[in-house]
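One structure is given below, encoded as structure tokens.
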Amino acid sequence: MSVIDGRTPAGDRPAAAYGAAPSQATLRTLPDPPALQDAPSSPGGTSHLVALDGIRAVASLIVVLLHTAFATAMAADNTMVWRVIYNGGVGVPIFFALSGLLLYRPWARNAIEGGTRPDARAYLWRRGLRILPTYWIVLAVGLIAFSPGHAASPRAWLEWATLTEHYDPNPWWDGVGPPGLGPVWSLSVEVSFYLLLPLLAVGLRWFAVRGGRAGVDERARRLLIALLTLTALSYLTTMVLRATVEYETMFYYEHLLPRSLLYFTLGMALSVVSVWAKARPGTQVARRAAILGSMPGAWWLMALCCLVLASTPISLPFQDVPQNAPQYMVSGALYPLIALGVVLPAALAPRNRVTVAVLGNRLVRSVGLISYGIYLWHQPIIQAWYDITGRPLWHRDFWVLFPVTMAGSLVVATVSYFAVEKPFQLLRDRGPGRRRAGPARKADPPPAR
């Protein structure tokens with residue numbers, strides 16, 4: 001039996017949909033996220049920022065805590081600590097917001113300042129190199145080791161290898177995925193965003209520069225208006241569907257991009273603010289961005305308070321009580337705030353001493369560097385542990401499973417990083433869009449100042 005296959009321990013609470021409090025849908029799966037580690041990450045620049053690796057490390061730990069608590073039935077406990085851990089699905093919005101922040105930044109810079117437009121072919125080539133090689137290895141392990149009955153199915157390999165499995169209206173697996181592959185749904189959402197982003201960036205740029213006379217400030221304001229509008233539409237659409245459609249339809253929708261778009265667009269909005277502040281040094285915008293980013297403790301406290309609120313009955317019901325629509329709306333509003341509180345300091349003031357000390361120290365940074373491997377491998381490790389040991393699920397042995405899962409994930413993710421991820425990154429500049437001798441690519445004119 002899969003560790004996550006739609007079955008829950010006796011007395012487990014049905015709750016909200018993913019992205020709000022972990023729901024019946026979330027409990028049936030293991031929500032996970034990968035955030036990319038090779039995108040430009042300095043405000044308007046390209047230097048690697050260690051604080052962002054730290055955020056990945058924290059989000060990965062939250063995810064592993066959730067999944068081990070679920071498998072051991074501790075997530076069904078009604079004490080506050082376990083209810084907070086039950087809300088570990090918040091790692092998904094954090095990773096999605098990071099992707100929006102990092103990946104949109106080159107396009108934000110082009111829309112605000114002009115200059116050479118990002119090459120969509122090179123961007124997609126690098127995304128593919130970043131996520132697919134390691135994922136395909138995990139997919140092979142998952143299908144062959146845990147779903148041997150489907151390992152000979154061309155359909156299974158095709159839809160999972162292309163990350164289109166969640167568009168299948170009649171899946172052969174229970175819940176969100178077969179044994180060991182449940183978390184991949186969030187990777188499917190990420191890939192949908194990667195494909196949409198170049199088109200979305202073109203539309204946002206058109207909106208920002210329309211009229212031909214917009215300066216830096218006006219362009220940035222227009223981008224923020226558009227992105228916050230998309231954020232609101234994503235939230236409102238989900239709430240309307242929650243109130244009008246049946247559970248199975250809602251479960252299907254929760255694991256597609258439109259449901260999660262608001263997290264990406266929040267990250268994109270932070271990217272706009274960081275580029276805008278750098279383009280206008282010494283202005284009120286730059287000063288306000290610096291002030292906001294200089295208070296990491298306040299933002300992290302806000303995120304923690306929202307997480308605690310999301311763990312109370314205003315958002316998360318007690319055992320055997322279905323989550324109602326008002327609770328769903330509350331949890332759906334709190335999760336974006338949590339993601340914002342975690343990511344904003346690193347987005348606007350990534351070199352702040354407190355931010356670097358907490359998120360950029362050697363230990364946290366090292367875990368963040370291999371966080372994609374932790375994301376992909378920890379669920380197969382949980383599944384293998386139960387298959388090999390024969391231990392029962394829901395056995396309340398969290399303090400056995402968590403150390404085993406964490407240690408195994410760190411070891412396998414480290415090997416995966418040096419043996420697979422890092423070598424493939426050497427091919428980043430050898431694919432489509434690589435620079436060749438010849439005429440420079442056409443650049444957009446700078447805006448009026």
Side-chain angles (χ1 to χ4, degrees), residues 3-33 62-63 65-94 174-176 182-183 185-186 234-255 259-260 262-263 302-339 341 393-396 398:
V3 173
I4 296 300
D5 66 349
R7 301 173 179 84
T8 58
D12 200 1
R13 66 174 72 83
Y18 147 71
S23 62
Q24 289 176 334
T26 303
L27 249 177
R28 295 170 55 170
T29 154
L30 292 180
D32 268 336
I62 292 172
V63 166
L65 280 169
L66 167 65
H67 297 172
T68 50
F70 175 85
T72 58
M74 296 307 297
D77 196 287
N78 272 324
T79 59
M80 179 55 69
V81 170
W82 293 109
R83 288 172 68 87
V84 169
I85 292 175
Y86 183 89
N87 265 314
V90 73
V92 179
I94 292 171
D174 293 324
V176 164
W185 73 266
S186 59
S234 176
Y235 174 80
L236 292 173
T237 300
T238 301
M239 295 307 120
V240 170
L241 286 175
R242 170 64 176 81
T244 58
V245 303
E246 296 180 353
Y247 169 77
E248 289 301 326
T249 302
M250 192 67 203
F251 177 78
Y252 181 81
Y253 174 76
E254 284 170 357
H255 302 92
R259 168 65 185 95
S260 300
L262 75 166
Y263 304 120
M302 182 200 79
L304 178 60
C305 290
C306 289
L307 180 59
V308 171
L309 279 176
S311 305
T312 66
I314 69 168
S315 171
L316 182 65
F318 289 110
Q319 291 184 21
D320 302 321
V321 179
Q323 187 188 45
N324 57 40
Q327 288 173 321
Y328 187 95
M329 293 179 67
V330 171
S331 56
L334 289 173
Y335 266 42
L337 293 177
I338 295 169
L393 283 171
W394 331 126
H395 199 55
R396 303 185 73 84
F398 174 86

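Counting from 1, the numbers follow the sequence of the chain as shown.
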Taking all heavy atoms of [X] and all of [Y], pick out the closest pair and write down the distance.
X    : Y    : answer
R396 : D77  : NH2-OD2, 3.1 Å
P93  : G89  : CD-O, 3.2 Å
L262 : P336 : CD1-CG, 3.6 Å
P313 : F318 : CG-CE1, 3.3 Å
A310 : S315 : O-OG, 3.3 Å
M80  : S311 : SD-CB, 3.8 Å

One pair to check against side chain to side chain contact (heavy atoms under 4.5 Å, CB included): H255 and V176. What are the steps and the verdict? CA-CA 8 Å; H255 302 92; V176 164; 3.5 Å; yes

Working to the nearest 0.5 Å, report the span between [atom1] of [X] and [atom2] of [Y].
X    : Y    : atom1 : atom2 : value
I62  : I338 : CD1   : CD1   : 9.0 Å
M250 : T244 : CE    : OG1   : 8.5 Å
R259 : Y235 : CZ    : OH    : 9.0 Å
I85  : L65  : CD1   : CG    : 5.5 Å

Using a 4.5 Å cut-off on heavy atoms from C-beta on, say whether the side chain of Q323 contacts that of L316.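 They are not in contact (no side-chain heavy atoms under 4.5 Å apart), so the answer is no.
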
Lys NZ or Arg CZ of R242 over Y253 ring: under 6.0 Å, within 45°: no

In terms of heavy-atom contacts, does CE of M302 have more than 12 from other residues, nucleotides or ligands at under 6.0 Å?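 Yes, because the 6.0 Å sphere around CE of M302 holds more than 12 heavy atoms from other groups.
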
For F398, check ring pair (Phe, Tyr, Trp, His ring centres under 6.0 Å) against everything at least two apart and list the hits. W82, F402

Residue set satisfying side chain to side chain contact (heavy atoms under 4.5 Å, CB included) with I314, at least two apart, ordered chain then number -> L309, T312, V330

Go through the side-chain N and O atoms of N87 and Y335 and say whether any donor and acceptor fall under 3.5 Å apart. yes

